[in-house]
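Reading through the structure tokens given below for one structure.
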Amino acid sequence: MHVRPLLFSLLLATATALPAQEQDLSKVEIKSTALGGGLYVLEGSGGNIAALTGTDGVLLVDDEFGVLADKIRAALKGLGADKPVRFIVNTHYHSDHTDGNLAFARAGATIIAHDNLRARLASGGTAGNGASISREVKPADAGALPEITYQSELTVHLDGEQVRVHHYANAHTDGDSVVFFRVAKAVHMGDIFVRYGFPFIDIDGGGNVRGMIAACEDVIRTVPADTKIIPGHGELASVEDLRTYTKMLEDTSALVAQARAAGKTLEQMKQEKLLAAWSARYAPPKAFVNTEAFLESLYNSLPAPRLRHGPAPRPQ
Ligand SMILES: [Zn+2]
């Protein structure tokens with residue numbers, strides 16, 4: 001088996017029908033970066049992992065793929081974290097962030113997530129942007145489901161840290177958690193903030209760019225300016241990086257909203273290359289979410305047009 005390119009793993013990042021075993025993950029190495037306060041970022045294949053270590057045990061935010069669980073444990077040991085993984089917080093249901101749940105839960109970890117995440121893991125379904133990106137997601141094994149779910153916010157007190165797990169509605173999906181580490185001054189954003197280019201927005205999974213913008217704005221408003229921002233994918237970022245990304249989301253989605261208000265169709269917007277000014281920076285060649293796919297995601301994030309006559313549409 002050859003090593004598949006990064007692009008392919010990003011495609012898998014949207015929770016494809018392909019099980020993790022069909023990727024060649026045997027050569028993946030886990031890279032770790034210390035953020036202080038016993039907190040580390042672990043990067044292997046899939047979403048970034050935050051690992052809080054200390055005398056009480058380990059808490060992970062996301063867990064990549066099950067076949068990497070032993071390597072993740074070995075990496076933790078290498079950091080001097082010899083206590084078991086006690087808690088795992090899932091930022092959202094996509095398999096490149098949750099496929100390790102079963103392996104860690106079997107070894108005694110308790111999985112924590114938003115209510116909607118549990119429902120989506122249990123049922124499977126379709127992940128996609130409501131247009132050109134669409135993947136079937138299989139139901140997860142019952143043993144991989146979170147044992148603790150929450151509705152709006154939950155705090156885990158561990159290793160001298162307050163780990164605040166906060167739900168942002170309808171952002172990357174409808175079950176997103178952003179995780180704040182107060183002592184370490186760090187935030188794990190899940191895939192609400194990614195650095196591979198235009199973000200994937202799982203519209204079929206209840207995501208919406210307006211929710212992503214609201215979440216980013218709230219984080220920027222809430223955290224100290226020197227907070228370390230852990231993206232769902234890509235290198236560690238600053239609050240300033242998050243601000244730049246949020247402005248891109250705001251500007252592009254405002255443009256699409258204006259164009260639709262002016263009566264333009266999605267096809268016309270594509271033909272006019274409405275988002276061309278952002279392509280060079282956010283849609284590199286072979287990008288997972290190319291400019292047209294991102295345009296579709298923004299278009300599909302707009303509220304449904306109101307009827308001019310007849311009864312008002314029912315609230316969803
Ligand atoms: Zn995702």
Side-chain angles (χ1 to χ4, degrees), residues 6-20 23 41-50 60-66 68 88-101 111 113-114 116-121 123-138 140 144 146 165 167-179 187-209 211-213 215-216 219 229-234 237 242 245 249 282 287-290 293-294 296-297 300-301:
L6 179 67
L7 172 70
F8 190 78
S9 64
L10 286 174
L11 283 168
L12 272 157
T14 66
T16 65
L18 273 182
Q23 289 181 284
V41 179
L42 305 183
E43 293 168 73
S45 176
N48 287 331
I49 295 174
L60 300 182
V61 179
D62 289 345
D63 52 29
E64 297 192 344
F65 295 104
L68 297 175
I88 294 176
V89 179
N90 290 152
T91 60
H92 63 288
Y93 77 97
H94 294 155
S95 63
D96 57 329
H97 299 256
T98 59
D99 188 74
N101 280 8
I111 317 282
H114 185 261
N116 295 344
L117 180 148
R118 190 181 200 280
R120 285 196 186 278
L121 267 189
S123 68
T126 303
N129 71 344
S132 62
I133 301 176
S134 182
R135 308 270 184 277
E136 286 315 303
V137 182
K138 287 186 185 150
V165 184
H167 173 58
Y168 288 96
N170 303 100
H172 176 58
T173 70
D174 65 1
D176 295 331
S177 293
V178 170
V179 185
V187 181
H188 193 309
M189 298 289 296
D191 283 0
I192 291 174
F193 173 45
V194 296
R195 308 201 80 190
Y196 56 71
F198 287 131
F200 170 55
I201 305 174
D202 187 354
I203 306 270
D204 296 309
N208 191 295
V209 74
M212 286 176 77
I213 292 169
C216 292
V219 172
I229 308 288
I230 305 168
H233 297 266
L242 179 60
Y245 167 88
L249 295 182
Y282 290 98
F288 160 45
V289 179
N290 63 31
F294 187 58
E296 292 163 355
S297 308
N300 286 336
S301 290

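Along the sequence shown, the residues carry numbers beginning at 1. Model, not experiment: these values are computed from the prediction. In each ligand, atom 1 is the first atom listed, and ligand 1 is the first ligand listed.
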- prompt: Which angle, to 10 degrees, forms at the Zn ion (ligand 1) with ND1 of H94 on one side and NE2 of H172 on the other?
  reply: 90°
Quick one: does [X]'s side chain get under 4.5 Å of [Y]'s, heavy atoms only?
X    : Y    : result
L249 : F294 : yes
N90  : S177 : no
S134 : T126 : yes

query: Between OH of Y196 and OH of Y282, what distance do you get to the nearest 0.5 Å?
result: 13.5 Å
D191: its N/O/S atom lying closest to the Zn ion (ligand 1) (atom name): OD2
Heteroatom N/O/S of H97 within less than 2.8 Å of the Zn ion (ligand 1): no
- prompt: Hey, is the Zn ion (ligand 1) within less than 2.8 Å of some N/O/S atom on D202?
  reply: no
